[in-house]
**Student:** 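I am attaching a structure below and will ask some questions about it afterwards.
These figures come from a predicted structure and were not determined experimentally. Because only heavy atoms are used, hydrogens play no part in the values below, and waters and symmetry mates are left out as well, while side chains stay in. Numbering of ligands and ligand atoms starts at 1, following listing order.
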Amino acid sequence: DYGLMSYDPAFTNTASTKSAITYLDGDEGILRYRGYPIEQLAEKSTHLETAYLILNGELPTASQLSNWETEIKKHWFIHENIKHLIDAFRHDAHPMGMFISAVGASSSFHPESAQIFDPAIRNEQIVRLISEVPTIAAFSYRHIRGLPVVYPDDELSYAGNFLSMMFRRSELRYKPNPVLERALDVLFILHADHEQNCSTNTMRAIGSAHADPYVALAGAAAALYGPLHGGANEAVVRMLTKIGSTKNIPAFIESVKKGEGKLMGFGHRVYKNFDPRGKIVKQLAYEVFEVTGRNPLLDVALELERIALEDEYFISRKLYPNVDFYSGLIYQAMGLPTPFFPVLFAIPRTVGWLAQWVELLNDPEQKIARPRQLYVGEPERDYAPISER
Ligand code: SDX
C-alpha cells in the first residue's frame, strides 16, 4: 500500500509553468496575450503584429512593425531540397505528417540553430520558422493536389501570400478576397498562443533539453496533431459530415452519452464556461459564408450546439464549444481539404511555441523537464529461474 503521496510542484519538475505571455481564466472565459484581450487583438491587430507582441512583450511601433514584416518576407522561400522532401510523400499523405517532417528536417539545413543561446542566431531561426511554415504548408497542399507549387509573393500580406501559394491557378498575380484574407488573419491571431497546452508543453519539454527549435517545433506539431488537441478541427467536420442532417442529431447525442464517441469541438481542460475564441470564430463564419456561400454543415453545427447547451449531460460536465467547433467550417468554405485543418492551427501556433521556448531558455531557474512519478508497481523481489516460473 503506497498511500496517497501529495504532489509537491517541485516534485513534478516538469517544464517551467511560470510565464508572462498568455493569461487564461477558464471560469470567466478570459484570454489575453501580454495583457491585451483577445477580442481587441482580433478586431484591431494583424497576425504579424500580434506575433511581434507575443514574442517581444510589447506592441511594435510603426517602424518596428515595418522592419518585422520585411524580415518575415525575406525568409518566405524554403530550401528546394525541403520541397523535394515534400514531393517524396504519397499524394494521399496527411499534411500534418508532411509538416512535422519538413520542419524537423529543416534542423539539418540550419546546424547553426543548435546555438540556442546566441541571440542573433536564435532570432534568425524564429523569423525563419514563422516565415517558412506557411510555405511548407502550401507546398504540401499543392503536392497533394498534384499541382505545381506557387512561390511566395512578397507584395502580399502574410495571410494573402499563404492563400496565393495555396490557390493561385495562373501566371496572373493572385488577388486574395479581402474578406477571406482578413478572416484567415484573425484565425491566425486566435490560434497564436494558449498558455501551457499540450503542444506548448511538448515544445517546452524538448526545449528544456536544449535541442534546436526546429526539432522542438516538430515535436510540438506532433502533439498538436492529436484529435483531442489541434486535430479536433478536422474531427469536428468529419463528425458533422457523418451526422449529415439535423434529424440525426438526437441519435448522435444519445451515442455520445453512451460513451460511443465524443462531441468533438466541445470541452476544454481550462475553459469551463465558454472559449472566448469560439465566440469570435462563430461570428467570423457568418462573414466568410457571405463570400463563399453558406456551408451546409453550419445548420447541423448550430442545432448540435443548441441541443448540447440545453442538455444536462453536457452542462453538468461543463462542456461548451471550443475554438475548434466552428473553425473547420470556415476552412472548408475557403476550399481547404479536411486533413489540412490541423496545419492551419500549426502555422499560427508556431508563434506561441517559439515565444514560450524563448521564455523557457531565458528562465535561470529552468531545469530539464523531468517529471517524477508515484510508483505503484511490485515491491522488491528476487529473480526466479525459468524452471520455477
Ligand atoms: C484544443 O489546452 C488547450 O489550451 C488546447 C487548445 C489550444 O489552443 O491549445 O485550446 C486547443 O485542444 C481545444 C480542445 C479541442 N479538442 C476537442 O474538441 C476534442 C473533444 N474534447 C475532449 O476530448 C475534451 O473535452 C478535452 C480533451 C478537450 C478535455 O478533456 P478533459 O479535460 O480530460 O475532459 P474532462 O476530464 O474535463 O471531462 C469531464 C467529463 C468526462 O466524462 P465523465 O468521465 O465525467 O463521465 O466530460 C466528458 C469526459 O468523458 N467529456 C466529453 C467531452 N469532453 C469531455 N464528453 C463528450 N464530448 C466531449 N467533447
**Student:** Identify which of Arg349, Met239, His191 has a heavy atom lying nearest to atom 7 (C) of ligand 1.
**Tutor:** Arg349
**Student:** Do any N or O atoms from the side chain of Asp363 and from the backbone of Glu365 form a donor-acceptor pair under 3.5 angstrom?
**Tutor:** yes
**Student:** Phe274 and Tyr320: aromatic ring centres closer than 6.0 Å?
**Tutor:** no
**Student:** Got a protein heavy atom sitting under 4.0 Å from atom 1 (C) of ligand 1?
**Tutor:** yes
**Student:** Give the residue and atom name of whichever protein heavy atom lies nearest to atom 49 (C) of ligand 1, and the separation in Å to one decimal.
**Tutor:** Lys262 NZ, 4.2 Å
**Student:** Which of these, Arg317, Lys318, Lys272, has its nearest heavy atom closest to atom 37 (O) of ligand 1?
**Tutor:** Lys272
**Student:** Quick one: nearest non-hydrogen protein atom to atom 16 (N) of ligand 1, plus distance?
**Tutor:** Leu228 O, 2.9 Å
**Student:** Ignoring hydrogens and geometry, is there a side-chain-to-backbone donor-acceptor pair from Asp311 to Ile307 under 3.5 Å?
**Tutor:** no
**Student:** Assert yes or no for the condition that the ring centre distance of Phe167 to Tyr174 is strictly below 6.0 Å.
**Tutor:** no
**Student:** Any atoms of ligand 1 less than 4.0 Å from a non-hydrogen atom of Gly265? List them with their elements.
**Tutor:** 17 (C), 18 (O)
**Student:** Could you check whether any side-chain N or O of Lys73 sits under 3.5 Å from a backbone N or O of Asp154, counting only pairs where one atom can act as donor and the other as acceptor?
**Tutor:** yes
**Student:** Which protein heavy atom lies closest to atom 58 (N) of ligand 1, and at what distance to 0.1 Å?
**Tutor:** Leu263 N, 3.0 Å
**Student:** Please report which non-hydrogen protein atom sits nearest to atom 6 (C) of ligand 1, along with the residue it belongs to and the distance in Å to one decimal place.
**Tutor:** His268 NE2, 3.7 Å
**Student:** Is the distance between the ring centroids of Phe139 and Tyr151 less than 6.0 Å?
**Tutor:** yes
**Student:** Under a 4.0 angstrom heavy-atom cut-off, which atoms of ligand 1 come close to Gly267?
**Tutor:** 25 (O), 28 (C)
**Student:** Nearest to atom 32 (O) of ligand 1, what protein heavy atom do you find, and at what distance?
**Tutor:** Arg269 NH1, 2.5 Å
**Student:** What pairs with Glu171 under side-chain contact (heavy atoms from CB on, under 4.5 Å), at least two apart in sequence or on another chain?
**Tutor:** Arg168
**Student:** How close does the nearest protein non-hydrogen atom get to atom 15 (C) of ligand 1, and which residue and atom is it?
**Tutor:** Asp324 OD2, 3.2 Å
**Student:** Just which atoms of ligand 1 are under 4.0 Å from any heavy atom in Val256?
**Tutor:** 57 (C)
**Student:** Donor-acceptor pair, distance only, cut-off 3.5 Å: does the side chain of Asp153 make one with the backbone of Asn161?
**Tutor:** no
**Student:** What atoms of ligand 1 come closer than 4.0 angstrom to any heavy atom of Ala232?
**Tutor:** 15 (C), 16 (N), 17 (C), 18 (O)
**Student:** In this structure, does ligand 1 have an atom that sits under 4.0 Å from one of the heavy atoms of Phe345?
**Tutor:** yes
**Student:** Among the heavy atoms of Val270, does any lie under 4.0 Å from an atom of ligand 1?
**Tutor:** no
**Student:** Check whether any side-chain N or O of Arg204 sits under 3.5 Å from a backbone N or O of Thr200 as a donor-acceptor pair, and report yes or no.
**Tutor:** no
**Student:** Taking the six-membered ring for Trp, are the ring centroids of Tyr271 and His194 within less than 6.0 Å of each other?
**Tutor:** yes
**Student:** Donor-acceptor pair, Arg294 side chain versus Phe289 backbone, under 3.5 Å?
**Tutor:** no
**Student:** Go through it in stages, so that I can follow the logic: the residues are Gln125 and Asp212, the test is side-chain hydrogen bond (donor to acceptor under 3.5 Å, both in side chains), and I'd like the CA-CA distance, side-chain angles, deciding distance and then a yes or no.
**Tutor:** CA-CA 9 Å; Gln125 311 317 316; Asp212 75 64; over 6 Å; no
**Student:** For atom 56 (N) of ligand 1, decide whether some protein heavy-atom distance is shorter than 4.0 Å.
**Tutor:** yes
**Student:** Examine Arg34 relative to Tyr36 and say whether NZ or CZ is less than 6.0 Å from the centre of the six-membered ring and inside a 45° cone about the ring axis.
**Tutor:** no
**Student:** Using a 4.0 Å cutoff against the non-hydrogen atoms of Asn197, which atoms of ligand 1 qualify?
**Tutor:** 2 (O), 3 (C), 4 (O), 5 (C), 9 (O)
**Student:** Judged on heavy-atom distance to atom 11 (C) of ligand 1, which of Met264, His229, Lys257 sits nearest?
**Tutor:** His229
**Student:** Purely on distance, is any nitrogen or oxygen of Asn322 under 3.5 Å from one on ligand 1?
**Tutor:** yes
**Student:** Is any heavy atom of the protein nearer than 4.0 Å to atom 13 (C) of ligand 1?
**Tutor:** yes
**Student:** If you measure from NE2 on His47 to OG on Ser157, what distance do you get to the nearest 0.5 Å?
**Tutor:** 11.0 Å
**Student:** Do me a favour and list the nearest non-hydrogen protein atom to atom 20 (C) of ligand 1 with residue, atom name and distance?
**Tutor:** Phe266 O, 3.4 Å
**Student:** Give the residue, atom name and distance (to 0.1 Å) of the protein heavy atom nearest atom 53 (C) of ligand 1.
**Tutor:** Leu319 CD1, 3.8 Å
**Student:** Verify the contact flag for atom 44 (O) of ligand 1, where contact means a protein heavy atom under 4.0 Å away.
**Tutor:** no
